[in-house]
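For reference, the structure is listed below as C-alpha cells.
Chain A is the first sequence line, chain B the second, and so forth, proteins listed ahead of strands; every chain is numbered from 1.
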Amino acid sequence: MPYVNAKPHIGHALECVQTDAIARFRKISGDDVYLTTGADENSLKNVQAAEKLGISTEELCKKNAGLFRELDDRIGLSYDIFVRSSVDAGHLKTTNALWDMCNKKGDIYKKEYSGLYCVGCEVFYTETELEGGMCPEHRTRPEVVHEENYFFRLSKYQDVIEKLVESNAVEIMPDAKKHEVLGFVRSGLEDFSISRSIKRSHGWGIPVPGDDSQIIYVWFDALGMYLTGAGFQSDNAKFEKLWPADMHVIGKGVIRFHAVYWLAMLLSAGLELPKSLLVHGYVTSNGQKMSKSIGNIVDPFEVIGKYGEDATRYYLLKEVSTFQDGDFSEKIMKELINNELVGNIGNFVNRTLSFIYSKFGGSIKLDEISEDGKDILNKVHMLASESEECMKQSQMNLALLRVLEISNLGNQYFQAREPWNLIKKDEESAEGVLLVCANISRELGILIYPHMPEASEKLLGYLNEKPQAFKNAEKIIKEFNIGEPKILFKKIDDA
RNA sequence: AGCGAGGUAGGGUAGCAUGGAGUGCCCGCCGGGCUCAUAACCCGGAGAUCGGUGGUUCAAAUCCACCUCUCGCUACCA
C-alpha cells in the first residue's frame, strides 16, 4: 500500500507485480486468495505536496490514489479491494477501534516529547541526522520543540516480538531482512509517539478518539488498512474468514513499521498476527537511484504503454530478483523481449502451433508418445516442478529461468527432429514430434500464468484450455485441435 | 564504530545448507548449420587464479579463520 504524495513510479509496479504473481499462483493452486491494496493518504507529506501544487490535500489524494488504482488495473493486479485511508468510512472505524483496543490494554499514554524540529521540513530530526547541527535540507538550526503526544508502549513487546520473529511465527523473507529486524529489536525497543498536534499535522488525518487536539500518527492508521481491507469492524464474517493475513508484501524501507510496530499494535489489540512479510528491494533507473533532481524517474504507464502489460511484468519478475534491488533500462527491456519472449518462448510456441495449423489442419492425434518424446517431456516436467517449487518460495525470477529452459529444450528438440523434413517421408513421425511440442507449449502456458496472465490465457486458449494448477501441466495430452495461432509477443524494432 | 548481507568469464545470475573435475542459465563476442517459425532457431568456440591469504580434508566456489572491497540497518523519517 503506497503513500500517495507523488504519482507512481516503476518501483510501485514492482510491488504490484510481485504480489500479483504470488496471488495468482496461489489461486490456481487452489487457495482462496483475497488481495487487498489501497492508498495511504493521511500523511503530512501529502499536505506538503498539495501545498506545493496549490491544490487541496483532498484533491491531491484523490488524483494520486486514482493513478495508483489505474496502475493496479493496467499492470493486471488481481486485487479484491482498494482502500483509501482518508475517505473510506470503514477505515475510520478500524483506526478508532484499534486505538481504543490498545488504549484499553493500557498501552497508550500521554507524554511530553521534545525534539529538534525543523520548521522548513516540518519534521523532527535526531542529532545523528543533522549535519553540523544544521538541518541537511535547509541548512538552518532546528529549534527545540516540546509537545504533548500520545505514546505507545512498544518497549513492553520487545521480548515477544523477538521470539515471534526468531521462531518464524511471523516469517520475514528474506533471511537478511529477518536478521536486520532481530538486530534492531535486540538493540532495545523504545516507546514511540503515535500522535501529532493538530497544528503540526495541519489538521490532516484521523483525530485521536476523545482528543481533538491530536491527530493519529500516520503509521498507526496506515497499518490498520490491512484490517480494513479484510473487513474489520464492518463485516465480521468476512474478517473471521480472512484474518490473519497470510502475507504482507512490502518495500525494504518500511520493514520496521511492519515487523515491529505493527506486530506490537496487533498484540496489544489482541488480534492475530500476519503469517509472513515479504520484503522486496528497490528499482534503480539505468543503475542510478531514481530521483526528481536527476529526472530519471521511470513512469510505469509509459513502460506499459510502450511494451505492454506482459512484457513489463516479465521484466520486473525475471530481471529483478524478488529480494534484491534491480535495475530498469530500456536496453535490457528490448533484449528481454526480443531474445527471451520473442526468440525463445514465443518462437517455440509459434513454430509449433503454426506447423500444426498449416501442415495438419490444426488437428493432431496419436495413441503413443515416442521414446525420445517421453524423455524430453520428463525433463520438462522436472523443470516444471522446480518452477513450482520456486513459486512456493516466491522466487519468481528463478521460476522464470526454468520456463526459459523449457522452451529452450523445446526449440532444440524441434530443431533436432526436423519435422519439416520428416513430414515429407513419414507423416506420423512428424505428427509425433508436434504432439510432444504441443504438450510442451501447453505446459509453458500453464507455467507462465502467474507472471504473464495475458499471454498464458492466449496460448492456452489456442489449445482450448484455461490457466490451471501447475500439477496439471504433467498430464500428457494425446490430441490437439487448434485454431489459427497468432504471435504471442511482438518484436521490438529499433528505429 | 556496532550489527547484518554480499563479492562466481565483458555484463547479469544460479550453484554454497547435505564439500567431489569450474557445473548451469540469460545476454554480449567469434565461427558454422538450418529454413517449420516473428531475419527467428540450432550447433561449436573464445573468455573465470569462483574478492585475497591461510587452514580443515584424499577432495573446497561450497566448511573454518583472518584480511579487503561494496551495500543495507543503527528509531519516533515515509
Side-chain angles (χ1 to χ4, degrees), chain A residues 2-6 40 43-46 113 115 118 121-126 128-129 149 151-152 154 174-196 217-220 222 251-257 260-261 281-282 287 318-321 323-327 331-332 334-344 346-359 383 390 395 397-398 400-402 404-405 407-408 410-423 430 433-434 437 485-493:
Chain A
Y3 74 105
V4 295
N5 66 325
D40 170 15
S43 157
L44 181 58
K45 292 245 178 187
N46 294 338
Y113 175 69
C118 172
C121 303
E122 301 197 56
V123 295
F124 282 97
Y125 282 105
T126 60
T128 49
E129 283 172 328
N149 283 166
F151 274 70
F152 179 82
L154 183 65
D175 277 348
K177 297 300 176 197
K178 172 180 165 180
H179 293 152
E180 192 180 304
V181 169
L182 281 173
F184 177 71
V185 173
R186 285 172 184 149
S187 74
L189 295 182
E190 290 167 25
D191 296 350
F192 70 105
S193 161
I194 52 170
S195 75
R196 304 283 122 107
Y217 172 49
V218 62
W219 270 108
F220 194 92
K252 66 180 183 181
V254 295
I255 306 179
R256 173 171 319 145
F257 303 98
V260 182
Y261 294 11
Y282 288 160
K318 157 78 177 22
E319 198 60 19
V320 181
S321 66
F323 303 116
Q324 287 168 16
D325 291 352
D327 188 45
K331 180 172 171 277
I332 294 177
K334 283 174 192 160
E335 280 177 11
L336 288 187
I337 292 176
N338 287 348
N339 298 326
E340 299 182 10
L341 291 181
V342 173
N344 197 340
N347 189 246
F348 170 69
V349 170
N350 191 237
R351 71 202 292 204
T352 298
L353 298 186
S354 57
F355 198 102
I356 296 172
Y357 184 73
S358 62
K359 308 286 180 188
L383 286 164
C390 294
Q395 307 233 312
N397 55 329
L398 302 186
L400 281 168
L401 282 176
R402 305 303 192 280
L404 279 173
E405 281 185 55
S407 57
N408 202 29
N411 272 320
Q412 284 170 22
Y413 180 73
F414 203 108
Q415 191 76 18
R417 298 304 314 273
E418 302 184 333
W420 59 90
N421 286 334
L422 214 49
I423 197 169
V433 173
L434 267 303
C437 291
K486 296 214 179 69
I487 284 163
L488 277 187
F489 305 106
K490 238 210 239 130
K491 193 176 164 70
I492 305 294
D493 289 315

Sorted by chain and residue number, the side chain to side chain donor-acceptor pair (under 3.5 Å) partners of A/Q412 (sequence neighbours excluded) come out as none

Show the distances under 3.5 angstrom between N or O atoms of the protein and N or O atoms of nucleotides 33-39 of chain B.
residue: B/G33; atom: N2; partner: A/Q415; partner atom: NE2; Å: 3.1
residue: B/C36; atom: O2; partner: A/R351; partner atom: NE; Å: 3.2
residue: B/C36; atom: N3; partner: A/R351; partner atom: NE; Å: 3.4
residue: B/C36; atom: N3; partner: A/R351; partner atom: NH2; Å: 2.7
residue: B/C36; atom: N4; partner: A/R351; partner atom: NH2; Å: 3.0
residue: B/C36; atom: N4; partner: A/Q415; partner atom: OE1; Å: 3.3
residue: B/A37; atom: O3'; partner: A/N350; partner atom: OD1; Å: 3.2
residue: B/A37; atom: O2'; partner: A/N347; partner atom: ND2; Å: 3.1
residue: B/A37; atom: O2'; partner: A/N350; partner atom: OD1; Å: 3.0
residue: B/A37; atom: N1; partner: A/R351; partner atom: NH2; Å: 3.2
residue: B/A37; atom: N3; partner: A/N347; partner atom: OD1; Å: 3.2
residue: B/A37; atom: N3; partner: A/R351; partner atom: NE; Å: 3.1
residue: B/U38; atom: N3; partner: A/F489; partner atom: O; Å: 2.7
residue: B/U38; atom: O4; partner: A/F489; partner atom: N; Å: 3.4
residue: B/U38; atom: O4; partner: A/F489; partner atom: O; Å: 3.0

Residues at least two apart in sequence or cross-chain that pass salt bridge (Lys or Arg N to Asp or Glu O under 4.0 Å) with A/D325, listed by chain then number, are A/K252

inquiry  = What contact category does A/G326 fall into here, base, sugar-phosphate, or nothing, at under 4.0 angstrom with non-hydrogen atoms?
reply    = nothing

Sequence neighbours excluded, the answer for salt bridge (Lys or Arg N to Asp or Glu O under 4.0 Å) partners of A/R402 is A/E386

For this session: For B/G51 and B/A9, measure between their C1' atoms and round to the nearest Å.
Result: 15 Å

B/A48 versus B/C43 - spacing of their C1' atoms, nearest Å = 24 Å

By salt bridge (Lys or Arg N to Asp or Glu O under 4.0 Å), A/E180 pairs with (sequence neighbours left out) A/K177

For RNA chain B, the dot-bracket notation using Watson-Crick and G-U wobble pairs below 3.5 Å, [ ] for pseudoknot-type crossings and | for other-strand pairs, is (((((((..(((((.....[..))))).(((((.......))))).....(((((..]....))))))))))))....

Checking the side chain of A/N411 only, and the main-chain atoms of A/N344 only, is there a donor and an acceptor separated by less than 3.5 Å?
yes

A/D191 meets the side chain to side chain donor-acceptor pair (under 3.5 Å) criterion, sequence neighbours left out, with A/Y109, A/S155

Q. Do A/N5 side-chain atoms and A/K45 backbone N/O form a donor-acceptor pair below 3.5 Å?
A. no

When A/W219, A/F220, A/F192 are each screened for ring-ring contact (aromatic ring centres under 6.0 Å, His included) with A/Y261, the one that passes is A/F192

Distances for protein N/O vs nucleotides 22-25 of chain B N/O pairs under 3.5 angstrom?
none

With a 4.0 Å limit, can you tell me whether A/R402 has a side-chain N or O closer than that to the phosphate oxygens OP1/OP2 of B/A14? no

Grab the N/O contacts between the protein and nucleotides 27-29 of chain B below 3.5 Å, and write none if there aren't any.
residue: B/C27; atom: O3'; partner: A/N339; partner atom: ND2; Å: 3.2
residue: B/C27; atom: O2'; partner: A/E335; partner atom: OE1; Å: 2.9

Please determine if a side-chain N or O atom of A/H179 lies less than 4.0 Å away from the OP1 or OP2 oxygen of B/C3. no

Side chain to side chain donor-acceptor pair (under 3.5 Å) filter on A/K359, not counting sequence neighbours, yields none

For A/K331, the salt bridge (Lys or Arg N to Asp or Glu O under 4.0 Å) test, sequence neighbours excluded, returns A/E335

*Counting N and O atoms only, with roles assigned by atom type, does the side chain of A/N338 sit under 3.5 Å from a partner on the main chain of A/I492, one being a donor and the other an acceptor?*
yes

With sequence neighbours left out, the residues meeting side-chain contact (heavy atoms from CB on, under 4.5 Å) with A/E190 are none

- Message: Counting the atoms with a prime plus P, OP1 and OP2 as sugar-phosphate, which does A/R196 contact under 4.0 Å by heavy atoms, base, sugar-phosphate, or nothing?
- Response: sugar-phosphate

When all nucleic acid strands are considered with a 4.0 Å heavy-atom cut-off, which category describes A/D327: base, sugar-phosphate, or nothing?
-> nothing

